[in-house]
Structure formats: C-alpha cells, structure tokens
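Numbers for residues simply follow the sequence, beginning at 1.
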Amino acid sequence: MRSTTSELNWSGTVTYTAERVVRPTSLDDVADLVARSPRVHGLGTRHSFNDVADTPGVLLDLTAVPTDLVVAADRRTATMGAGTRYGLVAPELDAAGVALHNEGSLPHISLGGAIATGTHGSGTALGSLSTAVAALELIGPDGTTSTIRRGDPDLGGAAIHLGLLGIVTRVTVDVQPAYRMRQDLYGPIPWDTFTASAAEVFAAGYSVCAYTLFGDTVSEVLVKSRVPDGADDVEVPTGLLGAPRLPGSPGDGHHTARDGSVGPWWDRLPHFPIESVPSVGSEVQSEHFVPLRHAAAALDALRGLADRIQPHLHVCELRTMAADDLWLSPTQGEDVLCIAFTWKKHPEQVAALLPDLEARLAPFGGRPHWGKMSSLDGSAVAALYPRLGAFRELVGRRDPAGKFRSAFGERVLGLERSGSGSGSGSGLSRPV
C-alpha cells in the first residue's frame, strides 16, 4: 500500500488535513488500518469540492482494491468494490449482459463515493444510484465487517452516509438487462418558453439535461433516449418547444456521441467518454436541488443574479431526479430540479456569491449537494432534512467513539465533537 500526505482534491481547491492518505490494495489491509487507526475516513476519488471526505486522521483511498465484480445468479443485483470507478466497471457490467439504471456524468468517480454523497445522473423518473443500493458491506471501528441489507430499517440512513458509519468496502446495487441509447441535441430555447414548460422538456427522454448561462436562452437541451428492447433505434422528434434538433457531433476524447447514433448505455448515459478525466480540474462546482414544481420560479430568482453569476460561470446544467425516501437525500420527498453550476476556478469569488445565490433558493427549500460548495450552516441544513435526527442516532450506534467522525459531520450535521483536530466554522464549503 502507498502512504502520502498533504494531498488535494481533484480541482486543487481543497487541501486535506489528514495526517496521511493510504491506498490499500486488499480488504485485509483496509480492516487492519481501520482497527489500528484512532481516526479514519474513506476518501473516494477526490471529486468533492469541500471537506466532506476529510479527517484529522487517516484517509483511505480504495481505488486500488480489486473491483471483484459479482453478478447475482438471478441477474437482478451486482456486487463490486466500493472504490471502483464507473468507467471501469460499466463496460464489465455490460459484457455480463446487465446495466445500471442511472450513472453520473463523470466516468472517473467511484461508485462508493457517488452513493455516499447522493451523486446522480438525471431523469425525472429515475432515482440516484443511491436508490439502487441493495446492500453495503462496511468495516466498523474494531476492524470487523458487517452488512446492511435491503429490509434493514437502517438502510435508508446508511445509503447516503457521507463516510460517517464506517469504511464501505463493497456495494450491491440493482441491475437490469443491458440496453442501448442515443443522444440528441436541441436548441436554443427562449428562457421564458423553457421555464414555462420545464417539466415537459425534462419528460422528453429517459434522461434530459439542459444548459444555460442565465441569459436570454437555454442554449442546448441534451435528450438521452432509451432504445426499446429488440429495436434497432427509437424515433425522436425533430424539434422541442419550437427549437430544432441540432446536428450534434460524434463522440471524441471530450464527450460521448451526441449525433443520434445508437450505442451502449455506458457510452450514452455519461457526458464524457470512459477514458477521460474532464476539465483537468479547471473548475469548482456547486449544485442545488429544488422541488420540480418550483422550477420556473427558482430559475427566475437565480436569473436575477445573472450579472454576478456570469463572470465566474463555465455553464449551468439543469436536470431532474425522482423523489426517494433516503434520510440524507437531497431528492427526499418529491421530484426535484437539480441546478448544477460548473464554475470557473474562482473559489473565493464563488464562496462570496453563494450566500446570495442560496438565499434566492431558500423560499423553495433549496438543498445543496453534500460534496459541493455551499454556504449553508448546520441550522439551515437541519431545517431541510426531517430525518437528520435519526441519522445522528444511527451514527452514534455504529460509531460510538467517533472513529469515523469528521469536522464536516460536526459542523454541518451537528454530530457530537469527537477527539482532537476537529474543525469549526459554518457552511459546507471549505476551499483553500
């Protein structure tokens, strides 16, 4: 295994305070490290833009632990190492004849990290990958392994766990027969036309994403359509809300094919090809979830900040997600609009803007993404999550001595302070 110190997140904007980062190569090594370490936390693939994955102790990077993919005999679930990346395991699942129902847009993030933070793909009828969790295998404070399975009342709290219940080493998720998809681009759509019919736009395909700079238009809408089983293709409309279908472009090193060609699910659900690492860290991100019924009002409220947003914005992606009942899910309770900002690498300016941006979303119950920049403090977060008290109780039962506790958990979730080295302050964001 490899041990390093003073490491940064993917964008280079968060410095981990851990005493060291260790990259074990086996589950036995993970169990031994957990048992011997006073404080320890899982790291994921470093695509968080705050300190959600940090610890004053040892950070465990599980990306070197073998995937060891196992598809169940009934072909309804698949189990794999939590550190495996979408881009590595998705083609392997497809080769076995099965598929995930949804996938994040980035192929280089780990399934375990995506599940832990409620990260998602898109689709009004689709839940995040966390909703597909059938079981989590995790190592507890004493180094022993336990499994939380579907049917256990704790799974609703454990699925999105932020690394606070133990080191999740293997995940079992629902799968389905492999399928094929195509992507088509439409646009531009006038702003008022789009906001008046947002639900219609997001119902136009299996998964739909729209892009805007908060000007007069939504510049593009990317519709991902699922090809029916046994068919060669699926018919798509020539226009969307009066906007034409654009020629699109074939896949290259920067994005998957958007020209209407049909391909496997794993090469159409993500925006970027599996071998890529998009943007090379030249960005920071924030993401905010509001009930879909408030889409027009929330977007118009943000557009009022356009003159302050635009100088720092690469693009804002709009997508939807289905409601779920997971305790810490930002999509808990009802279908939501996800407002995902890819900001230029201006962390200080973005941090200064976020309080006003999130104040615009507060009347709509705007929830922030757990792994991205936000200004909301513990009291604001507590008001948004009615099951937060139950999650705190679950953490207390699974980790009574606070071995997996983090400054983020204490500051944002109101967990009891444990040990030395705990941070303080307000808000989810902790940029350099």
Side-chain angles (χ1 to χ4, degrees), residues 3 7 9 14 16-24 27 29-46 48 50-63 65 81-83 110 112-118 130 133 135-148 152 154-171 326-328 370-371 378 381 388-424 428 430:
S3 177
E7 298 217 16
N9 71 332
V14 175
Y16 298 114
T17 62
E19 62 185 34
R20 60 194 175 113
V21 178
V22 182
R23 196 167 183 245
L27 295 181
D29 286 343
V30 177
D32 180 63
L33 280 162
V34 171
R36 291 189 291 107
S37 301
R39 298 289 293 275
V40 63
H41 205 85
L43 180 58
T45 39
R46 312 179 195 219
S48 293
N50 58 31
D51 61 336
V52 66
D54 201 9
T55 178
V58 176
L59 278 174
L60 293 184
D61 174 348
L62 301 186
T63 57
V65 176
S110 67
I115 289 168
T117 54
S130 305
V133 171
L136 296 173
E137 185 177 293
L138 66 166
I139 296 176
D142 62 355
T144 59
T145 298
S146 63
T147 302
I148 302 176
D152 187 319
D154 286 344
L155 187 61
I160 299 177
H161 53 83
L162 307 183
L164 296 167
L165 302 179
I167 302 300
V168 175
T169 53
R170 289 182 66 74
V171 296
L326 304 179
W327 301 357
L328 292 189
W370 292 113
V381 168
L388 181 55
F391 181 76
R392 293 188 189 116
E393 187 272 334
L394 176 61
V395 172
R397 282 192 285 112
R398 303 289 304 195
D399 182 28
K403 175 172 284 197
F404 306 110
R405 207 69 51 87
S406 67
F408 182 97
E410 293 160 358
R411 184 179 74 249
V412 178
L413 301 182
L415 299 179
E416 293 183 4
R417 190 176 297 273
S418 175
S420 61
S422 298
S424 61
L428 277 70
R430 291 292 297 275

Approximate separation, where rounding is to 0.5 Å, of [X] [atom1] and [Y] [atom2]:
{"X": "Arg23", "Y": "Thr63", "atom1": "CZ", "atom2": "OG1", "value": "3.5 Å"}
{"X": "Arg405", "Y": "Glu416", "atom1": "CZ", "atom2": "CD", "value": "6.5 Å"}
{"X": "Leu328", "Y": "Thr117", "atom1": "CG", "atom2": "OG1", "value": "11.0 Å"}
{"X": "Leu33", "Y": "Arg20", "atom1": "CG", "atom2": "CZ", "value": "6.5 Å"}
{"X": "Leu394", "Y": "Leu388", "atom1": "CG", "atom2": "CG", "value": "11.5 Å"}
{"X": "Leu43", "Y": "Asn9", "atom1": "CG", "atom2": "CG", "value": "9.5 Å"}

List for me each residue that meets salt bridge (charged side-chain N to carboxylate O under 4.0 Å, His left out) alongside Asp32, sequence neighbours excluded, and say none if there are none.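 Checked Asp32 against salt bridge (charged side-chain N to carboxylate O under 4.0 Å, His left out); matches are Arg36.
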
Output all residues satisfying salt bridge (charged side-chain N to carboxylate O under 4.0 Å, His left out) with Asp399, sequence neighbours left out; order by chain, then residue number.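 Asp399 satisfies salt bridge (charged side-chain N to carboxylate O under 4.0 Å, His left out) with no residue once adjacent residues are dropped.
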
How far apart are the C-alpha atoms of Leu60 and Val34, what are their side-chain angles, what is the distance that settles it, and do they pass the side chain to side chain contact (heavy atoms under 4.5 Å, CB included) test? CA-CA 9 Å; Leu60 293 184; Val34 171; 4.0 Å; yes

Before giving the answer on side chain to side chain contact (heavy atoms under 4.5 Å, CB included), spell out for Thr55 and Phe404 the whole-Å C-alpha distance, their side-chain angles and the decisive distance to 0.1 Å. CA-CA 8 Å; Thr55 178; Phe404 306 110; over 6 Å; no

Exercise: identify the closest heavy-atom pair between [X] and [Y]:
{"X": "Val30", "Y": "Pro24", "answer": "CG2-CG, 3.6 Å"}
{"X": "Ser110", "Y": "Gly44", "answer": "OG-CA, 4.0 Å"}
{"X": "Ala35", "Y": "Gly143", "answer": "CB-CA, 4.1 Å"}
{"X": "Trp370", "Y": "Val52", "answer": "O-CB, 3.9 Å"}
{"X": "Gly81", "Y": "Arg170", "answer": "N-NH1, 3.4 Å"}

When you measure from the side chain of Lys403 to the backbone of Val40, do you find a donor-acceptor pair of N or O atoms at a distance under 3.5 Å?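 Between the backbone of Val40 and the side chain of Lys403 there is no qualifying donor-acceptor contact (under 3.5 Å).
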
Closer than 3.5 angstrom, by distance alone: can the side chain of Ser406 be matched with the main-chain N or O of Asp54 as a donor-acceptor pair?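 Checking the backbone N and O of Asp54 against the side chain of Ser406, no donor-acceptor pair under 3.5 Å is found.
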
Residues in side chain to side chain donor-acceptor pair (under 3.5 Å) with [X], at least two apart?
{"X": "Ser146", "answer": "Arg398"}
{"X": "Ser130", "answer": "none"}
{"X": "Thr147", "answer": "none"}

Checking Val171 against Val133 for the side chain to side chain contact (heavy atoms under 4.5 Å, CB included) test, could you report, in this order, the C-alpha distance in whole Å, the side-chain angles of both residues, the deciding distance, and whether it holds? CA-CA 7 Å; Val171 296; Val133 171; 5.8 Å; no

Which pairs of donor and acceptor atoms, one on a side chain in residues 158-169, lie under 3.5 Å apart (sequence neighbours left out)?
from, atom 1, to, atom 2, distance (Å)
His161, ND1, Gly163, N, 2.8
Thr169, OG1, Glu137, O, 3.3

